[in-house]
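In this text the structure is predicted, and so the values were computed from the model without any measurement.
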Amino acid sequence: MISIKKIIRFRNFSKQRTIWCAVFVCNLLVLSSCRKYEEELDIPFAVNSQAGVAITFDDNYIDQWYAVDQILKPYNWKATFFVSQFNSLSYEELKKLKLLKKQGNEIGGHGWIHLKAAPFEKKNGEINYLDDEIFPMLRSMNKKSLAVHSFAYPYGSRNAITDTILLHEFDIIRGTTYGSEPPSEQRCYFDNTSRVLFGLGIDNSYAQYSIPYFLSLLDYAKKNNKIVIFYAHRPVVKANERYETEYKTLIEICRYIKEHNMKFYTVSELYLKEINKN
């Protein structure tokens, strides 16, 4: 597999050969991407996945994540926690994060700096995006025995270029979607064909916030054998600020999953090779 970083750097070797390099590198990217898709993605997903939900959390609210995990344990739940600014975590926060992983949750990446990927990449280029946002995060988390297989875009900011380069670094990535469309028209389902997911925000501050609406999505998923992707930030008893999700929302979602014999997934479990590693 040709390193995406080496390919990108190759484009900058000589200004006199800019056009030739661009054409050559594009061909390399296509061939490299095709080879990866052919070798790894022909049947990368669980074909007969049980209907369920993948609940995800963004940023670095470690104490609140750990607290809500204790509350939701009776539902045998699990979630994916996408961590940003990993270098800012305290010893106690790191300890709790590892306990969350040990209990069956997934720890994913959410950026070293928490950059808006699309505008940053457009202004500064792919290499600077990887060097500033992705590689330091991977090195730091690996050093603390938290290998990362999935990534969630800060602010949901993404484009085709960032998807391409990140899918060379992660098995699966998550963007965002919004709105209260009928369940059959929502984009927040895993469909067994794409490594780019779109989660629907369940924080109280989002316009689409409605527990009955969230449950209608789960009902549609149950009837059509789909997996709903939700994302949240800071779990709290009572939401008073932006980026807060109330306990009652998470409890109602988890209760529905348990009562209807559905399944909780981590994001990487949606990727068959990760399932086979367990």
Side-chain angles (χ1 to χ4, degrees), residues 45-58 64-65 68-82 100-101 103-108 110 149-152 156 171-204 206 208-235 244-272 274-275 278:
F45 306 109
V47 177
N48 297 313
S49 300
Q50 181 181 352
V53 67
I55 302 175
T56 68
F57 294 84
D58 294 356
Q64 290 82 7
W65 295 345
V68 81
D69 179 66
Q70 310 306 304
I71 292 171
L72 298 177
K73 275 184 178 180
Y75 300 99
N76 295 316
W77 91 311
K78 57 183 168 182
T80 302
F81 299 98
F82 290 109
L100 286 171
K101 180 180 179 180
Q103 293 163 5
N105 300 288
E106 179 182 2
I107 309 303
H110 193 48
H149 302 286
S150 59
F151 181 82
D171 291 331
I172 196 163
I173 56 181
R174 198 216 72 209
T176 58
T177 187
Y178 302 90
S180 302
E181 291 83 356
S184 61
E185 298 176 16
Q186 257 293 353
R187 300 177 67 199
C188 63
Y189 304 107
F190 172 67
D191 62 4
N192 288 11
T193 63
S194 177
R195 295 167 66 202
V196 182
L197 309 175
F198 295 93
L200 182 72
I202 59 173
D203 291 347
N204 286 56
Y206 287 127
Q208 70 269 6
Y209 174 77
S210 165
I211 292 177
Y213 178 63
F214 300 151
L215 297 184
S216 75
L217 298 175
L218 294 175
D219 183 64
Y220 179 81
K222 172 67 175 177
K223 293 176 180 177
N224 294 275
N225 198 37
K226 293 181 178 292
I227 299 169
V228 182
I229 315 297
F230 288 133
Y231 78 93
H233 292 87
R234 183 174 183 244
E244 292 184 336
T245 299
E246 292 185 348
Y247 284 2
K248 67 179 181 181
T249 303
L250 296 167
I251 290 171
E252 289 299 322
I253 290 172
C254 290
R255 179 182 293 135
Y256 188 98
I257 294 297
K258 186 172 183 179
E259 290 179 352
H260 291 80
N261 194 33
M262 296 169 74
K263 184 176 179 179
F264 293 100
Y265 292 87
T266 65
V267 167
S268 282
E269 283 177 335
L270 303 181
Y271 184 74
L272 186 58
E274 285 301 309
I275 294 176
N278 295 334

Would the distance check show the side chain of R195 and the main-chain N or O of I173 forming a donor-acceptor pair, the cut-off being under 3.5 Å?
no

When rounded to the nearest 0.5 Å, the distance separating CG of N76 from NZ of K263 is 13.0 Å

Sub-3.5 Å donor-acceptor pair from the side chain of D203 to the main-chain atoms of H233, do we have one?
yes

Hey, could you give me the OG1/CG distance between T177 and L197, rounded to the nearest 0.5 Å?
12.0 Å

Pairwise side-chain contact, Y265 with Q50, heavy-atom cut-off 4.5 Å (strictly under)
yes

N224 side chain reached by S184 side chain, heavy atoms, under 4.5 Å:
no

At what distance, to the nearest 0.5 angstrom, does CZ of R174 lie from CG of L270?
12.5 Å

Where I229 and Y189 come nearest, the two heavy atoms and their spacing:
CG1-C, 4.5 Å

Is there a donor-acceptor pair closer than 3.5 Å between any side-chain N or O of N225 and the backbone N or O of A51?
yes

Under a 3.5 Å distance rule, please check whether Q186 uses its side chain to pair with a backbone N or O of G179 as donor and acceptor.
yes

Under the criterion side chain to side chain contact (heavy atoms under 4.5 Å, CB included), I'd like the reasoning laid out for Q64 against T245: C-alpha separation, chi angles, the key distance, then a yes or no.
CA-CA 11 Å; Q64 290 82 7; T245 299; over 6 Å; no

Residues P183 and L217: closest non-hydrogen pair is CA-CD2, 3.7 Å

Do N105 and W77 meet the criterion of a side-chain donor-acceptor pair at a distance under 3.5 Å?
no

Using the rule given for side chain to side chain contact (heavy atoms under 4.5 Å, CB included), can you reason through Y75 versus I257, listing the C-alpha separation, both sets of side-chain angles and the distance that settles it, and then say yes or no?
CA-CA 8 Å; Y75 300 99; I257 294 297; over 6 Å; no

Give the C-alpha distance, both sets of side-chain angles, the deciding distance and a yes or no for side chain to side chain contact (heavy atoms under 4.5 Å, CB included) between K248 and I211.
CA-CA 9 Å; K248 67 179 181 181; I211 292 177; 4.1 Å; yes

Run the numbers on K73 and D69 for side chain to side chain contact (heavy atoms under 4.5 Å, CB included), then give the verdict.
CA-CA 6 Å; K73 275 184 178 180; D69 179 66; 3.6 Å; yes

Parallel, tilted or perpendicular: which fits the ring planes of Y231 and Y178, with parallel below 30° and perpendicular above 60°?
perpendicular

Hey, is the main chain of V267 close enough, under 3.5 Å, to the side chain of S150 for a donor-acceptor pair?
no

Heavy atoms only: give me the nearest T80-G108 pair and the separation to one decimal.
CG2-N, 4.5 Å

Measure the spacing between OG of S268 and NE2 of H149 and express it to the nearest 0.5 Å.
6.0 Å

Over all atoms of both residues, closest heavy-atom pair of L215 and E252:
CD2-O, 3.8 Å

Under 3.5 Å donor-acceptor, Q208 side chain and G201 backbone:
yes

Does E269 use its side chain to pair, donor to acceptor, with the backbone of T266 at less than 3.5 Å?
yes

Between atom CE of M262 and atom CD1 of I227, what is the distance when rounded to the nearest 0.5 Å?
9.0 Å

Side chains of L72 and F264 in contact at under 4.5 Å (non-hydrogen atoms):
no

Within this structure, what is the OH-CG distance for the pair Y209 and L200, rounded to the nearest 0.5 Å?
12.5 Å

Among Y256, Y206, Y220, F230, which residue satisfies the ring pair (Phe, Tyr, Trp, His ring centres under 6.0 Å) criterion with F214?
F230

